[in-house]
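Note that these values count all heavy atoms, side chains included, but never hydrogens, waters or copies made by symmetry.
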Amino acid sequence: MIELKMRSILKQVKSENPQKRYEALDQLFQYKQDEGLEIQIDVLKEVIKTAASGFPERVDNWDNPSFYLIDFVCDFPMSEVVEGLLKHFDGLDLQAKERAIEFLLGTEDEEIFYLLEEKIVGLIQSSENFLIPIRELANYPMLIKGILDKTLDKLDSKYYKFMLYDLLLSLNSSGYEKGYQKGIVLPSLLKDYQMEKEEYLKFDADFSSKYVYTAWKNSYFAVRTRIRLFISLMEYYFSEEVGAELEQAMRFRDPFIQTEALLVCIGKNLPYNASKLAEAANQIETAEMVYWELKEKNLEHLYPIKEGKQPHLAKTRLFSTIINLPEEEEGVIRFPEDIKVMDKIETENMYGQPVRYYLMSFVENGTKYAGWAGGYALEDGDDTAELWDGSYTDFVEWDAASIEEHKAAFFKKRAEEQQEHESSIYYESSPRLSRGAWFFLGLAIVHWVKAVFTGFAEDSIPILVLLTVIGGGLCVYELSNNKKRRVQIVGQQLVKVDGSKQHVIEIAEIKKVEYNKKNVVVYNKKNEVAFSFPLRWVRYDLFYAHIKEHTNHLKEQPFIQS
């Protein structure tokens, strides 16, 4: 049983022998890969309790059982896990606390948020290496404000400075409180921008995009990211001095920095050069950035490319796809040049919606390759920028095949991926033993234990045998039937299997999912019951999480009772 193995792991991670700890964490990692894993609540509570206890002194970076145990339980979004994390939070390792905070933010519970604000503020004030969960906090401006109210003095901290600026940008861009604490933030922003600008100017004279991606890389990316962050904040913390900095930034050679400053000026209705906007919209690195930023500001009408926007943006999409590929081979430099649209394909995505892909060619290190950009969602218009991103390249040389052969390879690859997707089981759960079976089995065990210690009376043996036969028989019967009963998410379908009967509904066709004390009921788009199944067939918290994950992409998301 998995529970027994988990308890063994909990003992091993506390071993004084590093090798045993390593083996236990490795086994825990293997279990974490099993998406259909189900574990009793009591064991999950025990995992959290163990994570908050003491461990032997670390011998390496991997040697952090507290973090890995918490990372494991965070895959089980249940109320008992939430309660356990809150109860034992203070005993966790710092990294484990960071993981727990990310998980607890997902509850979107107001009372929990009050506690999280206190914990996050405490960690910022008492620790010099707490990683603030910027991305996870971005959707909760009230919580961000509460944190900033008590930690804004940390803008002077070398470690927390840029994380707090990120929080400030999230708060301002949410519209919840624009210009928050301007009297404190603006002087700090200008001082830090000036220092970072000096770092940037060391690159500006020799700047070229090719240098950025092939030579400078991380040493430059950090400077670019910080400069862009500061310029984005200038939209909310403006002054005459800021205006002068924006004018200068629009003359920098980095297209991203130029464009960032330009968009701030447009957003604040400040003077700008229309030719600069056309240049940014035609620059392969920033074309998409210009379009989407203008659209977000409700200024899409200013986008200078009025026709053929989609094939134009496809070039940027392929460029960003290639430069962001993971570096699998040391010394391989990715910088696509001479990107051209060669042809296009109109097809359907897995939901039956019309999409368009562009067949592209590009040159890298002197070799011409084929690539694909798309798929653009044609339901939103023939020249839409909206897309279900499936851009890629397999680095097949362009001259190795004709255009029709490149297309045939595209459809073959999609068919293989679709077949793999449709047969992939993303969630599976079978019924657990009923209370009746557990009752008779437990009753038999109790009486046998009692008889062992008190002696066997002649009149008790038939009763013991009867209880054992009933309990064992019920368990065997239910276990046999339960093997034929399951709820699954297979590809894009929700499936109920009950013996030889099978009920299927496309996930895109689900209108709502509700449950009561006995059953889970699934409704289709016509608001008709597609099928139902007993609540004990699933651990509902897990089922809910998986259904939400598989419906988040839908334009019309179903109601899933939480």
Side-chain angles (χ1 to χ4, degrees), residues 2 32-39 41 74-79 81 106-108 348-355 375 377 379 388-390 414-434 478-562:
I2 180 66
K32 185 175 171 61
Q33 307 312 302
D34 184 353
E35 294 186 4
L37 188 68
E38 291 194 9
I39 301 179
I41 294 295
C74 286
D75 287 343
F76 299 87
M78 306 173 188
S79 58
V81 171
T107 65
E108 299 190 341
E348 292 184 347
N349 62 17
M350 65 180 66
Y351 313 110
Q353 297 164 308
V355 291
E379 284 185 331
W388 303 76
D389 193 13
R414 275 175 60 87
E416 290 171 350
E417 290 175 347
Q418 181 71 11
Q419 185 176 4
E420 182 181 353
H421 171 68
E422 288 175 355
S423 60
S424 294
I425 299 174
Y426 297 102
Y427 171 81
E428 183 172 72
S429 179
S430 294
R432 288 163 283 182
L433 288 175
S434 68
E478 288 195 11
L479 287 170
S480 176
N481 281 338
N482 288 351
K483 289 180 180 179
K484 305 172 187 175
R485 296 171 176 167
R486 56 189 175 274
V487 175
Q488 300 172 308
I489 296 176
V490 184
Q492 288 299 311
Q493 296 179 328
L494 178 62
V495 181
K496 169 194 171 183
V497 178
D498 189 357
S500 60
K501 298 178 181 178
Q502 181 169 299
H503 302 271
V504 178
I505 184 172
E506 296 291 330
I507 285 180
E509 292 301 312
I510 297 175
K511 181 171 184 177
K512 63 181 177 180
V513 176
E514 296 179 331
Y515 75 98
N516 52 42
K517 291 182 178 180
K518 291 185 177 181
N519 295 303
V520 177
V521 186
V522 181
Y523 296 84
N524 62 24
K525 291 290 188 184
K526 297 178 181 178
N527 211 29
E528 302 168 336
V529 175
F531 56 81
S532 64
F533 53 86
L535 183 60
R536 70 182 183 88
W537 283 28
V538 297
R539 185 164 281 160
Y540 190 79
D541 290 332
L542 282 178
F543 175 74
Y544 169 83
H546 280 275
I547 285 289
K548 287 293 289 183
E549 181 183 346
H550 281 78
T551 56
N552 279 338
H553 62 277
L554 298 174
K555 288 187 177 180
E556 295 181 19
Q557 294 186 20
F559 167 77
I560 313 293
Q561 184 179 344
S562 61

* To do: Working to the nearest 0.5 Å, report the span between CD1 of Ile505 and CD of Gln493.
  => 10.0 Å
* **Listed partners of Glu428 passing salt bridge (Lys or Arg N to Asp or Glu O under 4.0 Å), at least two apart** => Arg486
* To do: Measure the spacing between CG of Asp541 and NE2 of His546 and express it to the nearest 0.5 Å.
  => 11.5 Å
* Residues in ring-ring contact (aromatic ring centres under 6.0 Å, His included) with Phe531, at least two apart? -> none
* Residue pair Gln557 / Asn552, side-chain heavy-atom distance below 4.5 Å -> yes
* **Distance in Å, Arg539 CZ paired with Phe76 CZ, rounded so as to fall on 0.5 Å steps** => 8.0 Å
* To do: Can you tell me which residue pairs pass the side chain to side chain donor-acceptor pair (under 3.5 Å) test with a partner in residues 523-532, sequence neighbours excluded?
  => Asn524-Glu528
* Asked: After noting the C-alpha distance and the side-chain angles of Gln502 and Val495, does the key distance pass the side chain to side chain contact (heavy atoms under 4.5 Å, CB included) rule?
  -> CA-CA 7 Å; Gln502 181 169 299; Val495 181; 3.8 Å; yes
* Asked: Under the side chain to side chain contact (heavy atoms under 4.5 Å, CB included) criterion, do Lys518 and Leu535 qualify, and how do the steps go?
  -> CA-CA 5 Å; Lys518 291 185 177 181; Leu535 183 60; 5.9 Å; no
* To do: Could you walk me through whether Thr551 and Ile507 pass the side chain to side chain contact (heavy atoms under 4.5 Å, CB included) test, one step at a time?
  => CA-CA 7 Å; Thr551 56; Ile507 285 180; 3.4 Å; yes
* Rounded distance [0.5 Å steps], OG in Ser429 versus CD1 in Ile489 -> 10.5 Å
* Asked: Taking only residues two or more places apart in sequence or in another chain, which ones pass side-chain contact (heavy atoms from CB on, under 4.5 Å) with Ser562?
  -> Tyr544
* **All ring-ring contact (aromatic ring centres under 6.0 Å, His included) counterparts of Phe533, not counting sequence neighbours** => Phe543
* Tell me, please, which residues at least two apart from Phe559 pass ring-ring contact (aromatic ring centres under 6.0 Å, His included). => none
* If you take all heavy atoms of Pro558 and Ile510, which pair is closest and at what distance? -> CB-O, 3.2 Å
* To do: Kindly write out the residues that satisfy ring-ring contact (aromatic ring centres under 6.0 Å, His included) with Tyr515, not counting sequence neighbours, or none if the list is empty.
  => Tyr540
* Structure fact -> Minimal heavy-atom distance between Gln488 and Ile425, with the atoms involved, is NE2-CD1, 3.7 Å
* Counting heavy atoms not belonging to Glu556, are there more than 12 under 6.0 Å from its CD? -> no
* Sequence-distant partners of Glu506, salt bridge (Lys or Arg N to Asp or Glu O under 4.0 Å), two or more places apart -> none
* Asked: salt bridge (Lys or Arg N to Asp or Glu O under 4.0 Å) with Glu348: which residues, sequence neighbours excluded?
  -> none
* Asked: Looking only at heavy atoms, what is the nearest atom pair of Gln353 and Glu379, with distance?
  -> NE2-OE1, 3.4 Å
* Got a sec, which residues hit side chain to side chain donor-acceptor pair (under 3.5 Å) with Gln419, two or more places apart in sequence or on another chain? -> none
* Gln418: what forms a side chain to side chain donor-acceptor pair (under 3.5 Å) with it, not counting sequence neighbours? -> Glu422
* To do: Search all heavy atoms of Pro77 against all heavy atoms of Asp75 and return the closest pair with its distance.
  => CD-O, 3.3 Å
* Partners meeting salt bridge (Lys or Arg N to Asp or Glu O under 4.0 Å) with Asp389 (sequence neighbours left out) -> Arg317
* Asked: Rounded to the nearest 0.5 Å, how far apart are CD1 of Ile547 and OH of Tyr427?
  -> 8.5 Å
* Tell me, with the steps shown, if Lys501 and Lys496 meet side chain to side chain contact (heavy atoms under 4.5 Å, CB included). => CA-CA 8 Å; Lys501 298 178 181 178; Lys496 169 194 171 183; over 6 Å; no
* What are the two closest non-hydrogen atoms of Ile41 and Met78, and how far apart are they? -> CD1-SD, 3.1 Å
